[in-house]
Structures are given as C-alpha cells and as structure tokens.
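Just so it is clear, the values below take in all heavy atoms, side chains as well, and ignore hydrogens, waters and symmetry mates. In each ligand, atom 1 is the first atom listed, and ligand 1 is the first ligand listed.
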Amino acid sequence: MNAVTFHGAGDFRYSSVDPPNLQDSQDVLVQVKEAAICGSDLHLYRGHIPGIMPGTVVGHEFTGIVVEVGSGVRQFRSGDRVVGTFHVACGICLACRRGDYHQCAQGGVLGYGMAFGNLGGSQAEFVRIPWGDVNLRKIPDGLSDEKAIFCGDILTTAFGAVKNARVTPGETVAVIGAGPVGQMAVMSALVMGAAKVLVIDLIPDRLAMAETLGARAINSSTSNPVRRVFQETAGDGADVVIEAVGGSTTLELAFQLVRGGGRISAIGVTAESELKFPLMTALTRDLTFRIGLANIHRDIDHTLALVANGRVDPTVVVSHRLPLSQASHGYQLFDQRQATKVLLIP
Ligand code: NAD
Ligand code: ZN
C-alpha cells in the first residue's frame, strides 16, 4: 500500500510499504478515507520527537471504513464507517478502568514512534487499530467524514482542555495559539458558555479566523498580550487560560494572563523538559495549573454529538484537501503556516 513515511526532519515521503495485517483478535483493519495533518505531526516533521525510526508510517487523525475485524471484536463489522482516537488504549488496565485512557499501560499514539507504542500511522491506505472496540467510534449516519475526523483528536483535545478548566457560563477564556487546536478551543469555550474568548497568536489570518468564530483577537507581535487581556477583563485577568502552542514561552505567558484564583489548562506538546515554575505567584494567587495529553475516549461521544447536531462545525479550519500522494507538499504548507489544516485523501 502507499503511505506517508518518516525519514528524518523535513523528509516525509509518499512511499510503498507492506500493508498492516490483523495481529490480535481485538484488532480492526480500517481502510482510511481521510487523514489529517496535526500540529503534533509538525513536531515530528521538525525533528523534535526522539525515537521514531526511518520508514515509520506517520499520522494519527483519520476516518475510514472497517475492512476486517479480529475474532474478539464485538462492536464493529466490515463496512462500518468509523473515526479513530489518536491514542489507543487497551480498555482493561487499571488506568483505563479509572477512565484515564490516555494513561493506558499498554497503549500509544498512532504513527508517533517507539516512545509512543511503535504503532503504524494513519496517513496510509490502511491502518491497524489495536483493541478496536475501545479505540473506534461509528460515525453517526448523516455526519460527513470531514466533520467526524476532528472528534478523534483536535476538537476533543481542545474540548477536554476547556472541560478540565471547569469553565462556567459567563467566564472569560484566553486561548494562547490560534492554530487548529486553538480554534477548536475557541469553539469549545463558547459552547460551554464562556461570555468572552480572547485569542492570542502572531498570524493575522489565523486571528481573523478566530474572530469569525466569535473570539476577540490579540496579535502578540504588534501588541502586549498581558496588557490587552487585563484591559479586556477590567484589570482582573482571564478566568481560564488555555495554552495551545507548546513550550515554556507560552506557558509562562499563561501565568501572566490568568486572574487570581483562575485556572490554566495546557495542551501544547513540547519536548522541553523543564519549566521555571512561578511558585510564589501560583501560591499567592491561588492558581490551578494542569497539562497533559488529551483523554479522547472520555469526551469523544460528546464532541461527536455536538458536531452531529450542528452545535460546532470544526471544518471551518480546513484550508487544503490534497491527495495522499501530495502529503509532503501538505506538510511544507502547514509547516510554513500557508495552510491552517490539511486533509489528505488516500
Ligand atoms: P499549529 O502549529 O498549527 O499551531 C500553533 C499556533 O501557535 C500557530 O498558529 C502559531 O502561530 C502559534 N504560536 C506560536 N508561538 C506563539 C507565541 N509565542 N504566542 C502566540 N502564538 C504562538 O498546531 P495545532 O495543530 O494548532 O496544535 C497546537 C498544539 O497542540 C501543538 O503543540 C500540538 O502538538 C498540540 N496538541 C496536543 C494534543 C494533546 O493531546 N495534548 C493533541 C493535539 C495537538
Ligand atoms: Zn493530532
């Protein structure tokens, strides 16, 4: 089959590889209909994620059609339209039984290398999904693949981050980063009742997109985001800050934007190992800080319902639909910020 494979920083190729097979009775084989490029794939593309071997099939956002199921699979059969979760979980270990699927002892992230379970990715004609009953959802009738694909990662990631921050109706939410994940955080904050959503980025087009969704844009290359957020909140600071970039610079900014007693919820991925934690500030201002990978399994049924009922339309971020064979061009466009979200069609 044809797939997108990793060969080093900036070197992702469309190549011919052995197709995946069922390896376990719980496996499901999916023919991929749509695969998206994620900001997390950019970390691989930029060479920031260690432990991925040349030739690995990349990608973790996808929809498709079930073509084969293992003998132990109960929920799916050939022909089902499905969306997959970007991280896979076994469903039965202690972490999964607690509901912490993203902490599964045996799980991993599709197409993200050795440190993440060494699983084949979904930017391919076919993908093997371990524990298919746990890691796939049927796409509701009438819901397009193009809408459903966002529930397997970025919409649900952002929704979960906003939920973790316990946003209540009437609050002000500041979102750092207006990439696709930041845009999903804007939509999620509004659907959970935020009165005002402020979004901070450096790219005018992305800020303009967030404005069309109902946010107020702050361009941090032309204005001071701290001053602007305090102006917008009568000198108080944001009730909640969602960090959707990754790394210490924007995490430090989050601590400057939040009000006393407020909550920071960070989802940006980074390979940095340390943050100079503002201990005294966090102590005296009574701040809540949380960071983590998304727990897609916890929230995906709710985001599918929001999208299926027209309450959220994540497709606003899609700027490019390319054949899978043009994936390396898609990566270049996304890396250079000339694309907001690229869908790849095998
Ligand atoms: P992206 O790279 O398209 O977007 C990042 C945005 O941040 C860009 O618009 C960029 O201009 C902006 N930015 C960069 N530096 C900034 C700064 N100093 N101040 C303000 N804005 C700045 O990526 P994306 O797809 O939107 O993903 C965002 C992050 O979320 C990535 O790190 C991705 O890996 C991560 N992510 C995490 C999870 C999870 O489970 N936690 C899941 C999906 C994605
Ligand atoms: Zn992703």
Side-chain angles (χ1 to χ4, degrees), residues 35-46 48-49 58-62 83-87 101-103 109-112 116 121-123 149-162 164 174-186 198-210 217-226 228-229 241-254 256-257 265-272 290-300 314 317-320 330-331 333-342:
I37 304 180
C38 180
S40 300
D41 297 321
L42 280 186
H43 301 304
L44 288 174
Y45 188 73
R46 293 172 178 166
H48 295 160
I49 305 293
V58 296
H60 57 262
E61 302 184 356
F62 71 100
V83 55
T85 58
F86 81 82
H87 62 85
Y101 295 94
H102 55 332
Q103 300 301 311
V109 176
L110 300 172
Y112 224 66
F116 294 87
S122 60
Q123 288 169 12
I149 193 171
F150 291 95
C151 298
D153 186 355
I154 63 170
L155 173 60
T156 309
T157 294
F159 178 89
V162 176
N164 287 343
V175 176
I176 307 175
V181 174
Q183 307 286 345
M184 301 293 144
V186 170
L198 308 168
V199 61
I200 299 148
D201 203 294
L202 313 148
I203 303 176
D205 290 356
R206 292 186 171 197
L207 289 168
M209 177 179 287
I218 299 174
N219 187 329
S220 55
S221 66
T222 56
S223 63
N224 179 330
V226 181
R228 285 288 313 281
V229 167
V241 180
I242 305 296
E243 192 278 343
V245 181
S248 54
T249 306
T250 43
L251 288 172
E252 282 163 11
L253 177 61
Q256 295 179 278
L257 301 181
S265 179
I267 35 173
V269 166
T270 178
E272 286 178 53
R290 62 177 295 172
I291 184 167
L293 291 179
N295 186 351
I296 298 296
H297 303 71
R298 185 192 69 182
D299 296 321
I300 186 171
V317 299
V318 177
S319 59
H320 291 73
Y331 270 95
L333 291 173
F334 190 44
D335 181 41
Q336 292 161 16
R337 310 294 187 208
Q338 288 160 12
T340 323
K341 188 75 179 177
V342 180

Specify the protein heavy atom at minimum distance from [atom]: its residue, its atom name, and the distance to 0.1 Å.
atom: atom 14 (C) of ligand 1; value: V245 CG1, 3.5 Å
atom: atom 37 (C) of ligand 1; value: I267 O, 2.9 Å
atom: atom 43 (C) of ligand 1; value: D153 OD1, 3.3 Å
atom: atom 9 (O) of ligand 1; value: D201 OD2, 2.7 Å

**Item:** Selected option - heavy-atom contact closest to atom 18 (N) of ligand 1, from D335, T250, D41
**Value:**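 Shortest heavy-atom distance from atom 18 (N) of ligand 1: T250.
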
**Request:** Ignoring hydrogens, just give me the one of A244, A294, G179 whose non-hydrogen atom is nearest atom 28 (C) of ligand 1.
**Result:**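 Checking each option, the heavy atom nearest atom 28 (C) of ligand 1 is found in A244.
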
**Prompt:** Can you say whether the rings of Y331 and Y45 are parallel (under 30°), tilted (30 to 60°) or perpendicular (over 60°)?
**Reply:**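 Parallel: the ring planes of Y331 and Y45 meet at under 30°.
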
**Request:** Would you mind naming the N, O or S atom of E61 nearest to the Zn ion (ligand 2)?
**Result:**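 This residue's closest N, O or S atom turns out to be OE2.
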
**Message:** Could you identify the N, O or S atom of H60 positioned closest to the Zn ion (ligand 2)?
**Reply:**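 Relative to the Zn ion (ligand 2), the closest nitrogen, oxygen or sulfur of H60 carries the name NE2.
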
**Message:** Applying a heavy-atom cut-off of 4.0 Å, say which part of H43 lies close to ligand 1: side chain, backbone, both or neither.
**Reply:**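 The answer is the side chain.
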
**Item:** ligand 1 versus L293: contacting region, heavy-atom distance under 4.0 Å
**Value:**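 Both the backbone and the side chain of L293 come within reach of ligand 1.
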
**Ring centroid separation H60 to H87 under 6.0 Å** =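 No.
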
**Polar proximity ligand 1 side, P180 side, N/O cut 3.5 Å exclusive** =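 Among all N and O atoms of P180, at least one is under 3.5 Å from an N or O of ligand 1.
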
**Prompt:** Strictly under 4.0 Å, does any heavy atom of R337 approach an atom of ligand 1?
**Reply:**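 Yes; R337 lies near enough to ligand 1 that a heavy-atom distance drops under 4.0 Å.
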
**Request:** Using 2.8 Å as a strict upper limit, say whether an N, O or S atom of D153 approaches the Zn ion (ligand 2) that closely.
**Result:**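 It does; at least one qualifying atom falls short of 2.8 Å.
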
**Asked** Atoms of ligand 1 less than 4.0 Å from I200 heavy atoms?
**Response**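 Numbered from 1, ligand 1 contributes 20 (C), 21 (N).
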
